[in-house]
Structure formats: structure tokens, C-alpha cells
Amino acid sequence: MTPDELGAALDETARGKGMSGTIRIDVEGETVFAGAYGLADRGHGIPNTTETRFAVASLSKGFTAIAVMSLVQDGLLSLDTRVRSVLGSDLPLVDDDVTIEQLLAHTSGIGDYLDEEADWEVDDYVLTLPVHTLTDVEAFVPMLDGFPQKTPPGETFQYNNGGFMLLALVAQRASGTPFHELVQARVLDRAGLPHTGYLRTDELPGDAALGYLYEDPASLRTNLLHLPIRGSGDGGAFTTASDISTFWRAFVGGRIVDAATRDLMTAPRNVDEDEDLRYGLGLYLDEDGPGLILTGYDAGVSAWTRHDPQTGLTVTILSNSSEGAWPVVRRYIDEMEG
């Protein structure tokens, strides 16, 4: 299937499923297809556009991982650094042998403050601190505390949100730079991403989409009270599909971290059997292929992007509703496998 045919197929699915969001396909940065669907603001009837900024949930873990690996590259941290050396007496239930590498690879075995195995509904209130207080990684520390180690460090792959919050905390303390400023300087500025950042959800600019809990376009209920008011290590950045395309080319091209660090991050280390994908350091890899994948899901957010460094094909699907991106993602996967 050619990229043009792929774009037509994904567009058909998006329209048929009533998707709210955007799809972009390009090859080596040249846009092949860009489509926008649904409303960025249902209450005011403002449509999504191809340049709308969307929250991308755990897709942001890629930014955290690269920021941390840039500190490793510069010698401020190492993959073998034990996080206890930075945490001090904070979070005493984190095993003293947990390392930076294990957090990046989801093999730390720490207890997770947002357990992926919990049976949550999209409209559950899962945060244990008032969302308006969660503006800096240090504010999350009390919420990360009290979760016993689940498995020995380095033994088992288990996707872990708390691990990436620890990475943000360690990076902030080790560098002496606030996490959001660190990511801005070491990732977003280096990649050239002018429309990407950690926006406060209570003061969104006009080009950012509100996140809706329910697919029904008549529902006006947003995710404002369900997520931290400002994202952090495990998610919450806002971006555009065009910035994501730029990001992949900058990352693969060695313009954010050097080629050796990039290769460390993209080397397969584990298999996520639930997702049928391999995992490196901070990003997914095709089960059997060259693709690099970042993905995110949360209340009012669904996002997925894949870059093939061999062909230069980038596909990005962003949605401002909880389930909106996934029918299109499944269509893409089916087309690639078929």
C-alpha cells in the first residue's frame, strides 16, 4: 500500500468512526496526508485542525527518556546510577538497587502509583492529591509514596508510570534544573518543536484541544479534574502532528542526543506481551521490524505515532477523546500486516 492509499484508508476510518483529532502521514518530512476531524471545543463549536495542539499522555514518556539520556550522555547520570543516591530518604519503599536503566526499561519492579493493571473506568478520579497542586515533579512525591516493591529490580518487564515520575524527579535533582525547563532545553529546543510543551490545562491557548471523556460529541465533560493540571515525567505534554514528525527526524538524525545514545535507546531489551511489541529505553519498537513507536492513553486523550527510519514514513494519530485514536491505529496496523 502506498502512503497515499494509506492516507485514504485511514481517512475513511476516521470519518466512519466519528474520530475527533488529527492524522498525519509523511515521508522524510514531506506531507502525504493530513486530516482533521471533530471539535477541539465542543461547547463553542471550534473544529480541530491539522495544526491543533493535542495532549498526548504517555507519548510524552519519550521526551522524559531523551532528557534523562542526555544527562547520561553528558555524565551527570549513568544508566547504572542507583536512584537512591538521588532520592535520599524520600520514597523509602523503592528498592535501593533500582537503577536509571531499569526505570527507563520498565524493569524496576517498583510499585506504581497508577497501576496499569487496575480496573479503572475513564471517568474515575484516580489521583490522590488535588490536581491543581500538581505543577512540579516535587509535588508528586507524596503521591508516589507508600507503594511496596512488586518484583526484584531488573527481573520483570512491567509498564510503570511511577517509574517515569521517578526519572523526572531524579533528572530535576541531578541537573538542578526544573523538569519542564530541562525538557524544553534538552529535547524540544534541540529538535525544533515550537508547538510542543507542558501546558496548564486550566489556561489552554486557543489552538489547544480540550480533552473529552466520552466519544459522544454531545457530551461536554472534559478531563480537567482527572489529570494533573500540568503534565510531568509520565505524560501530559501537548504537541501537534507536524511537531511529532519533526521530532522523529531530529531524534533519528542524532540532533537531540548523539547517535550512540540514540542507538542505546532503540536497542530492544524486552518484549511487552500485552502489546505485542518490543521495548527499548523509553519507546516501543516493532515486534519484528524497524519501526519506533510512542503511544499514550488517558482520560480524554489518545495518541499514537510510528516512525520507520528505513523508509522515512511517519504516521501520527492524535485525538482529544479517550478512545478516538485507536480505531484508526488498528486500521493502520491491519494495513501494514496485510
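As a member of the Ile/Leu/Val/Met/Phe/Trp/Tyr network built from side-chain separations under 4.5 Å, Leu220 groups with nothing else and remains a singleton. Cluster note: Leu39 groups with no other residue, as no ILVMFWY side-chain heavy atom lies under 4.5 Å from it. In the hydrophobic clustering, where aliphatic and aromatic side chains (Ile, Leu, Val, Met, Phe, Trp, Tyr) are joined below 4.5 Å either directly or transitively, Tyr125 groups with Leu225. Clustering of Ile, Leu, Val, Met, Phe, Trp and Tyr by side-chain heavy atoms under 4.5 Å joins Leu210 with Leu199, Leu204, Tyr212, Phe238.
Annotation: ring-ring contact (aromatic ring centres under 6.0 Å, His included) contacts involving residues 17-38, sequence neighbours excluded, are absent. Contacts classified as salt bridge (Lys or Arg N to Asp or Glu O under 4.0 Å) and involving residues 217-227 (residues at least two apart or in different chains) are not found. Sequence neighbours left out, the pairs with a member in residues 72-82 that pass salt bridge (Lys or Arg N to Asp or Glu O under 4.0 Å) are Asp74-Arg186, Arg82-Asp97. Pairs of residues two or more places apart, or lying in two chains, that qualify as ring-ring contact (aromatic ring centres under 6.0 Å, His included) and include a residue from residues 58-95 are Phe63-Phe247. Sorted by first and then second residue, the ring-ring contact (aromatic ring centres under 6.0 Å, His included) pairs involving residues 153-175 (not counting sequence neighbours) are His106-Phe157, His106-Tyr159, His106-Phe164, Phe157-Tyr279. The salt bridge (Lys or Arg N to Asp or Glu O under 4.0 Å) analysis of residues 37-61, with sequence neighbours excluded, yields the pairs Arg53-Asp207. Applying the salt bridge (Lys or Arg N to Asp or Glu O under 4.0 Å) test to pairs two or more places apart or on separate chains, those with a residue in residues 126-142 are Glu138-Arg173.
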Residues 140-147, side-chain donor-acceptor partners within the protein, below 3.5 Å, at least two apart:
none

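A distance of 6.0 Å or more separates the ring centres of Tyr297 and Trp304.
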